[in-house]
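Notes for the one structure printed next.
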Amino acid sequence: MNLDNLPLNLILRHENIKELQSYTEFFFAEKEERPEGLVDQISSDLKISKSVLDFSENSLAIIDTWLVKHIECVKLSEEEYEWKRKNIPDYIEIDDWKFSSKTFSDIINIGIYLGETIIHKYPYLKWEQDLKNRRYIDYGHMVIKLGKADMNPIWLVHVLCTKIARQKEGSLHKLFRIWERHINL
């Protein structure tokens, strides 16, 4: 597994335990710095004080404003498109684009920020990695166990960005509210 970037599209159930443990170490080493870089970038772009990006629910609306203007997509190569078409059933619509490396990085940073926002509001929650059941949908991924459901914030932001790229509505704040309902208080 390449640890130059946090895995997002990886199907982690095929990785061995040692690689997944390396991913966990890498995640925890990076999870403080990545949101800081995001805050620096957003505050500079929007010309606002960093202090408003404070892991509060309201700060998610600010990130929403920034996010819709910063999603970059690149056209798939002919080979990539053919591979997708071959491996995805015809009745499923596929896009002829993918996110740029920059947008992938932003997705990871915002996913961590979203997760940390939940944790700031509910400090008894924490990031965890399930390595017991390879059939678990989020096997090997970093999730927050909310009680009624497990939240994979990085994947949720990926889905949100896909919706936005397809010109559909979506919001981090709404995601926060939806997932907050799954928390056992």
Side-chain angles (χ1 to χ4, degrees), residues 1-46 48-57 59-60 62-67 69-74 98-132 134 136-146 149-162 164-165 172-173 175-176 179-180 183:
M1 178 186 306
N2 180 357
L3 296 181
D4 292 337
N5 218 337
L6 295 172
L8 183 60
N9 280 344
L10 238 63
I11 299 173
L12 295 177
R13 68 179 60 96
H14 300 299
E15 300 296 330
N16 68 46
I17 293 294
K18 232 180 196 174
E19 289 171 323
L20 292 173
Q21 289 168 336
S22 293
Y23 166 51
T24 305
E25 291 168 15
F26 182 74
F27 179 88
F28 283 112
E30 291 284 314
K31 88 170 181 65
E32 302 303 322
E33 290 179 29
R34 291 182 82 96
E36 286 176 18
L38 177 71
V39 166
D40 290 344
Q41 185 178 3
I42 293 173
S43 63
S44 173
D45 289 350
L46 297 179
I48 58 172
S49 170
K50 290 181 192 179
S51 64
V52 297
L53 296 165
D54 57 359
F55 297 99
S56 66
E57 287 180 63
S59 69
L60 295 173
I62 295 167
I63 295 173
D64 278 332
T65 301
W66 179 86
L67 179 61
K69 297 175 184 164
H70 288 83
I71 295 175
E72 300 172 354
C73 301
V74 294
K98 63 183 177 182
F99 292 119
S100 69
S101 297
K102 167 91 175 69
T103 296
F104 260 169
S105 183
D106 290 340
I107 287 169
I108 293 165
N109 297 345
I110 294 167
I112 293 171
Y113 189 98
L114 175 62
E116 289 297 305
T117 301
I118 288 267
I119 290 169
H120 273 74
K121 185 165 182 182
Y122 302 97
Y124 56 89
L125 296 175
K126 62 183 181 178
W127 292 96
E128 298 180 40
Q129 182 186 46
D130 188 323
L131 298 176
K132 294 177 188 137
R134 287 185 182 267
Y136 170 56
I137 189 81
D138 288 315
Y139 176 79
H141 287 273
M142 300 306 298
V143 300
I144 300 170
K145 295 188 179 289
L146 304 179
D150 296 347
M151 177 186 190
N152 183 337
I154 295 171
W155 185 252
L156 290 172
V157 173
H158 182 272
V159 171
L160 173 67
C161 288
T162 301
I164 293 169
L172 284 171
H173 189 259
L175 268 179
F176 179 92
W179 282 90
E180 188 177 40
I183 297 173

Closest heavy-atom contact between [X] and [Y]?
| X | Y | answer |
| --- | --- | --- |
| Ile63 | Leu38 | CD1-CD2, 4.4 Å |
| Ser51 | Ser49 | OG-OG, 2.8 Å |
| Cys161 | Ile107 | SG-CG1, 3.8 Å |
| Gly111 | Pro153 | O-CB, 3.1 Å |
| Asp45 | His70 | OD2-NE2, 3.3 Å |
| His173 | Asp64 | N-OD2, 3.6 Å |

Under the side chain to side chain contact (heavy atoms under 4.5 Å, CB included) rule, what do Glu30 and Ile108 come out as? Steps first, then yes or no, please.
CA-CA 10 Å; Glu30 291 284 314; Ile108 293 165; over 6 Å; no
Inter-residue atom distance [X].[atom1] - [Y].[atom2], 0.5 Å rounding:
| X | Y | atom1 | atom2 | value |
| --- | --- | --- | --- | --- |
| Glu57 | His120 | CD | NE2 | 13.0 Å |
| Ser100 | Asp106 | OG | CG | 7.5 Å |
| Ile137 | Asp150 | CD1 | CG | 11.5 Å |
| Ile144 | Asn152 | CD1 | CG | 9.0 Å |
| Lys31 | Asn109 | NZ | CG | 13.0 Å |

Heavy-atom check, side chain of [X] versus side chain of [Y], under 4.5 Å:
| X | Y | answer |
| --- | --- | --- |
| Trp66 | Leu53 | no |
| Trp155 | His141 | no |
| Leu160 | Leu67 | yes |
| Asp130 | Lys145 | yes |
| Ile17 | Leu131 | yes |
| Trp127 | Val143 | no |

Decide yes or no on side chain to side chain contact (heavy atoms under 4.5 Å, CB included) for Trp179 and Leu156, but give the supporting numbers first.
CA-CA 10 Å; Trp179 282 90; Leu156 290 172; 3.3 Å; yes
Where does the angle between the aromatic ring planes of Tyr124 and Tyr122 fall among parallel (under 30°), tilted (30 to 60°) and perpendicular (over 60°)?
perpendicular
Once the angle between the rings of Tyr23 and Phe27 is folded into 0 to 90°, is it parallel (under 30°), tilted (30 to 60°) or perpendicular (over 60°)?
perpendicular
Just do the side chain to side chain contact (heavy atoms under 4.5 Å, CB included) check on Lys98 and Val74 with the steps written out, would you?
CA-CA 6 Å; Lys98 63 183 177 182; Val74 294; 3.6 Å; yes
Does a sphere of radius 6.0 Å around NZ in Lys50 hold more than 12 heavy atoms from other residues, nucleotides or ligands, not counting ones at 6.0 Å or beyond?
no
Assess whether side chain to side chain contact (heavy atoms under 4.5 Å, CB included) is satisfied between Glu180 and Lys121, documenting all intermediate values.
CA-CA 10 Å; Glu180 188 177 40; Lys121 185 165 182 182; 2.8 Å; yes
Measure from the side-chain N and O atoms of [X] to the backbone N and O of [Y], and report whether any donor-acceptor pair falls under 3.5 Å.
| X | Y | result |
| --- | --- | --- |
| Gln129 | Leu20 | yes |
| Thr103 | Ile71 | no |
| Tyr113 | Phe55 | yes |
| Ser44 | Asp40 | no |
| Ser105 | Ser101 | no |

With respect to Met151, which candidate in Leu175, Ile118, Ile183, Leu125 satisfies the side-chain contact (heavy atoms from CB on, under 4.5 Å) definition?
Ile118
